[in-house]
Amino acid sequence: MTSPLSRSRPRRATSHIAARVAHAVLGGLLATGWLLLPIARAGADEVAAAPGQGGTSTADLVLPLVAVVAAGALAAYSYIRRIRRARTRTTPGGATAHPAPFAELDRLARQSLVEIDSCVRTGAEELGWAEAQFGKDAVEAYAAALAFARSELTASFRLRQRLDDTVPDDDLVKRQLLEEIAARCMEAGRRLDAEAAGFDLLRALERTLPAALESAEARFRELAARTPAAEAALAELHERYPPSASLPVAGHVEQAKDRLVFATTRLNQARQALDRGEGERASAHLRAAEGAVDQAGLFMDGVFRLSRELASAAARLPGALRDAEAELAAARGLPAVGALPGRIAHAASVVADVRRESAGGGHPYDPLDALRRVVDAGAPLLAEDRVPVDRPFLDHALLPARSVVTLASDFVTTHRGAVGAEARTRLSEAERRLALAPCALVDVRRADALAREAEQLAERDVRAYGNPYAGPEGAGVGGAVLGGILLDDTPDAPAASFGGPRTRGRGGFRGAGNRAVRTGSAMPPPGP
């Protein structure tokens, strides 16, 4: 089979033809000048021996001619080089003779975003275990590397969002944006890869396995004990609120149980490997168990958190209705110009509907959705100059926005084996807007909308991925692959570890003996 390197040689040779021709011409001219120099000198001597003759000697003409021709050849060579570079350059300061097709560049950018986002989420999980074991100071360097990667990733997602929002007509602009995304993701991955070996030395699971296993098993027992409470909380949500209110956490308890089943299996396998003296194999099983325990905790926490948020929204709703009615009264006193009458009519209708729904009558309602609707109806009234401060509505808007952003983030984390770049991009932009300081109402509402879109896109990707719990793998393996805990569903699949794309799969045990030789991921990239 011909290697990629050998296949690229004819292209490089072709790209240098102009340079070689210029070199040959210049060398020939200089050689000709050197050969003519003795003749020119002989002619000069003859002229000097003939008294009374004037005019210009041959030497006076040949040497300047050679110099002029040589200078011209050098100028032509430089011009050819500049033209060739200008035609092949794709980014400022860089050149490639054959730029990648746009579709391939777009695919690479999407894949890089997904890969680095998964690395950052996995890194955050492993960093939590290391910090709990060794303390915050011990993990400072790795936390800094993770923060750097997250910063580059956020900037990359923002570029992707800009590309999706504006869709520039200029192909060069689109290409530059995609190349910057790929470059930033590559830099983030390099930083995480560079810290992977040091992180392994810090954790040194083969030396600290008994203590690390005890910690993971204790956390597992804690979550297993919380399962009945999570089931009760979910049942209460179903009773008190309509299905739409509890829909975001509808399957959380079952998925938590699935992750705990997987964690049980891997913790037992880690114990058995440790008893046999197989340290590396035990470490690999422990990493996978820790990831599953983390995700089981996220599923359960999501149920309890949503229950609190719904109660808080119900308590805040009467105040939001009063604020909206006060804005309506003020708006009705203004001249009926432009879109104001339509805004007033819409806001009045929404406020009346929400007040009627929240009044009871035996019909449950969704407090978070009701609060969001009141904010969305009243916010356009704040566009008038008469209202310089949007603080009351900002406070009302923050609760549903933070709720949906957190739910979307948890969904991506626990389904990162299937969620693609588009959902992650919307989520990142929602998180960025929500973190702005000072935060404006327009940013909070935009974050809310983006997070809901991210959730829908992520659910679409998971549906396209298929049902991982219906397969023959058993023992929670399908859910672990969907959650990005394992990088594939083979019997010796590696667990994702702290690190970048080259090192995050080192937690497996492929190859001879117990030696972990795997790097990177064999999984196909998730959805778009």
Side-chain angles (χ1 to χ4, degrees), residues 237 240-248 305-408 429-453 455:
L237 290 178
R240 293 187 59 184
Y241 304 105
S244 61
S246 59
L247 184 61
R305 185 182 60 250
L306 182 60
S307 179
R308 294 191 301 269
E309 289 168 345
L310 286 167
S312 297
R316 180 175 285 278
L317 187 59
L321 287 169
R322 286 193 299 270
D323 290 335
E325 287 170 341
E327 293 302 326
L328 275 169
R332 288 186 178 113
L334 295 174
V337 295
L340 185 58
R343 294 174 184 172
I344 291 173
H346 174 69
S349 175
V350 170
V351 168
D353 288 344
V354 171
R355 185 171 290 283
R356 184 170 53 254
E357 291 171 6
S358 61
H363 298 290
Y365 75 102
D366 182 345
L368 282 169
D369 180 66
L371 191 58
R372 180 183 292 114
R373 287 159 58 200
V374 171
V375 170
D376 288 345
L381 303 178
L382 299 175
E384 307 299 326
D385 293 339
R386 60 187 175 78
V387 183
V389 179
D390 60 5
R391 188 74 230 179
F393 274 86
L394 176 60
D395 292 338
H396 301 321
L398 279 169
L399 180 58
R402 285 172 176 161
S403 175
V404 71
V405 166
T406 305
L407 282 168
E429 180 64 11
E431 291 172 331
R432 185 190 71 81
R433 285 177 176 266
L434 204 56
L436 292 175
C439 198
L441 179 58
V442 63
D443 291 313
V444 175
R445 294 179 65 210
R446 180 61 176 154
D448 188 305
L450 284 166
R452 282 182 286 156
E453 184 182 356
E455 199 168 28

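Keep in mind that the numbers below use all heavy atoms, side chains included, and drop hydrogens, waters and symmetry copies.
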(Q) Closer than 4.0 angstrom, basic N to acidic O: yes or no for R432 and E429? (A) yes
Q | Evaluation steps, salt bridge (Lys or Arg N to Asp or Glu O under 4.0 Å), between D353 and R356 | A | CA-CA 5 Å; D353 288 344; R356 184 170 53 254; 2.4 Å; yes
Q: Mind checking the CG-CZ spacing from L310 to R240? Nearest 0.5 Å is all I need.
A: 8.5 Å
Q) Is there side-chain contact between T406 and R305, with at least one heavy-atom pair below 4.5 Å? A) yes
Q.
Rounded to the nearest 0.5 Å, what separates atom NE2 in H346 from atom CD1 in I344?
A. 12.5 Å
Q) Closest heavy-atom contact between A348 and L328? A) CA-CD1, 3.7 Å
Q: Mind checking the OH-CG spacing from Y241 to L247? Nearest 0.5 Å is all I need.
A: 15.5 Å
Q: Any chance you could measure L441, atom CG, to H396, atom NE2, to the nearest 0.5 Å?
A: 10.5 Å
(Q) Tell me the closest heavy-atom pair linking A377 and P380, and the distance in Å. (A) O-CD, 3.3 Å
**Q.** Main-chain N/O of L399 paired with S403 side-chain donor or acceptor, under 3.5 Å
**A.** no
Donor-acceptor pairs are to be reported for all side-chain atoms of residues 366-375 against protein atoms at under 3.5 Å, with residues two or more places apart or in another chain.
residue: D366; atom: OD1; partner: L368; partner atom: N; Å: 3.1
residue: D366; atom: OD1; partner: D369; partner atom: N; Å: 3.3
residue: R372; atom: NE; partner: D448; partner atom: OD1; Å: 3.0
residue: R372; atom: NE; partner: D448; partner atom: OD2; Å: 2.9
residue: R372; atom: NH2; partner: D448; partner atom: OD2; Å: 3.4
residue: R373; atom: NH1; partner: E357; partner atom: OE1; Å: 3.0
residue: R373; atom: NH2; partner: E357; partner atom: OE2; Å: 3.4

**Q.** Over all atoms of both residues, closest heavy-atom pair of L237 and S246
**A.** CB-CB, 4.0 Å
Q: Kindly give the heavy-atom pair with the smallest separation between A451 and A430, and that separation in Å.
A: N-CB, 3.8 Å
(Q) Which heavy atom of Y365 sits nearest to which heavy atom of A314, and what is that distance? (A) OH-CB, 3.9 Å
Q.
Could you report the tightest heavy-atom contact between C439 and L394, atom names first, then the distance?
A. O-CD2, 3.3 Å
Q: State the CD-CZ distance between E325 and R322, to the nearest 0.5 angstrom.
A: 9.0 Å
Q) Hey, is the main chain of R355 close enough, under 3.5 Å, to the side chain of S358 for a donor-acceptor pair? A) yes
**Q.** Rounded distance [0.5 Å steps], CD in E455 versus CG in L407
**A.** 6.0 Å
Q) Got a donor-acceptor contact below 3.5 angstrom from the S349 side chain to the A345 backbone? A) no
Q: Quick one: do V405 and R402 satisfy side-chain contact (heavy atoms from CB on, under 4.5 Å)? Show the steps, please.
A: CA-CA 5 Å; V405 166; R402 285 172 176 161; 5.8 Å; no
